[in-house]
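A quick write-up on the structure given underneath.
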Amino acid sequence: MQTSSSTIALRALEPDDVDCLYLWENDAEMWRYGAVRAPYSRHQIWEYINSYDADPFHCGQLRLMITVDSQRAGVIDLYDIDSRNRNAFVGIMICPAMRRKGIGAEALSKLMQFCRTNLALNSLGAFVGAYNSASNALFQCAGFSLAGTLPKWLWQPGGKFHDAVLYTVEL
């Protein structure tokens, strides 16, 4: 667990995050947990950060850097933000060196509070590979409920399909 003296925060992406994101996004070991299937160029990531739209309802997404005592620890995303129905999906990635310290749980809690207070969202959803025990535990501990399973929804290199689990939480 993270010590109580550490400060976990969420912040907007900054231009100096490019190299860190470049490493994380291009870590092929992480691809099995998300939708990335090919490398991003440093330029693509730089363009993404530099074209940041601070209105998540306009662009339909929000990516925030997770920091621990100002050190980068991961990213947390809102995506498919639906302004009419007041919901969105969430994804989270904690860098390998920072895992199993309670950072993901606190970051998710902070994001949920932000969604309630600043975005007036009603609910969040999360798709997780059934094989991803750490993420399944994270969302369950954060109060998300199992909403369903999509059989053989996620394809992995090697031709194997895996179930996806859908979690939801009312804010």
Side-chain angles (χ1 to χ4, degrees), residues 1-4 6-18 20-21 24-25 30 33-36 40 45 47-96 98-130 132-150 153-154 164-171:
M1 274 298 184
Q2 193 66 23
T3 64
S4 59
S6 295
T7 301
I8 297 172
L10 306 179
R11 64 164 174 78
L13 298 179
E14 297 288 346
D16 67 349
D17 293 327
V18 168
C20 182
L21 288 172
W24 291 344
E25 292 287 355
M30 298 298 298
Y33 299 113
V36 175
Y40 285 101
I45 295 169
E47 286 287 331
Y48 175 80
I49 291 173
N50 283 299
S51 64
Y52 174 71
D53 183 342
D55 181 356
F57 291 111
H58 178 256
C59 63
Q61 65 179 8
L62 176 66
R63 174 168 267 201
L64 299 168
M65 182 65 68
I66 302 166
T67 62
V68 177
D69 297 332
S70 300
Q71 178 184 352
R72 295 175 193 95
V75 291
I76 193 163
D77 299 314
L78 285 178
Y79 64 96
D80 291 345
I81 299 172
D82 182 341
S83 61
R84 178 174 184 212
N85 295 302
R86 310 308 284 185
N87 59 47
F89 285 92
V90 61
I92 186 169
M93 189 286 302
I94 304 297
C95 71
M98 302 295 272
R99 292 182 186 155
R100 297 183 170 262
K101 298 180 181 183
I103 296 166
E106 189 167 338
L108 186 54
S109 175
K110 287 179 181 293
L111 181 74
M112 291 167 68
Q113 179 63 36
F114 177 83
C115 288
R116 270 190 297 273
T117 305
N118 297 78
L119 303 180
L121 294 182
N122 180 62
S123 56
L124 294 175
F127 281 107
V128 179
N132 189 340
S133 57
S135 285
N136 281 284
L138 171 67
F139 286 105
Q140 290 169 11
C141 288
F144 283 66
S145 299
L146 177 64
T149 300
L150 301 169
W153 195 257
L154 304 171
V165 179
L166 172 63
Y167 292 102
T168 60
V169 67
E170 191 172 318
L171 300 171

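When a residue number appears, it is its place in the shown sequence, counting from 1.
Across Ala73 and Val68, no two heavy atoms sit closer than the pair CB-CG2, 3.8 Å. Residues Ile103 and Met98 come closest through the heavy atom pair CD1-O, 3.3 Å. Smallest separation of non-hydrogen atoms from Trp24 and Arg72: CH2-CB, 4.0 Å. Taking each heavy atom of Gly102 and Ile8 in turn, the nearest pair found is O-CD1, 4.5 Å. When all heavy atoms are compared, the tightest approach of Leu138 to Gly104 is CD1-C, 3.6 Å. Here the closest non-hydrogen pair linking Leu62 and Pro56 is CB-CB, 4.1 Å.
Residues Arg11 and Asp17 are paired through a salt bridge, judged by an N-O separation under 4.0 Å between the basic side chain and the carboxylate.
You'll find the side chain of Arg86 reaches within 4.5 Å of the side chain of Phe57, heavy atoms only. Looking only at side-chain heavy atoms (C-beta outward), Phe139 and Leu146 stay at 4.5 Å or farther from each other. Counting heavy atoms from C-beta on, the side chains of Met112 and Leu171 come closer than 4.5 Å. For the pair Ile76 and Leu108, the minimum side-chain heavy-atom distance is below 4.5 Å. Here the side chains of Leu21 and Tyr48 are not in contact, with every heavy-atom distance at 4.5 Å or above.
Between the CD1 atom of Ile66 and the CE atom of Met93 there is a distance of 7.5 Å, given to the nearest 0.5 Å. To the nearest 0.5 Å, the span separating CG on Leu121 from OG on Ser83 amounts to 9.5 Å. Put simply, CD on Glu14 and SG on Cys20 are 13.0 Å apart, with the number rounded to the nearest 0.5 Å. If you take OG on Ser6 and NZ on Lys101, they are separated by 8.5 Å, rounding to the nearest 0.5 Å.
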(Q) Test side-chain contact (heavy atoms from CB on, under 4.5 Å) on Ile49 and Val18; report intermediate values, then the result. (A) CA-CA 8 Å; Ile49 291 173; Val18 168; 3.7 Å; yes

Q: Give the C-alpha distance, both sets of side-chain angles, the deciding distance and a yes or no for side chain to side chain donor-acceptor pair (under 3.5 Å) between Gln113 and Thr117.
A: CA-CA 6 Å; Gln113 179 63 36; Thr117 305; 2.5 Å; yes

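Screening Leu111, Leu78, Ile92, Val75 for a side chain to side chain contact (heavy atoms under 4.5 Å, CB included) involving Leu64 leaves a single residue, Leu111. Of the candidates Thr168, Asn136, Val90, Val128, Phe144 forms a side chain to side chain contact (heavy atoms under 4.5 Å, CB included) with just one, namely Val90.
Sparse packing is recorded around CD of Glu170, with 12 or fewer heavy atoms of other residues, nucleotides or ligands lying under 6.0 Å away.
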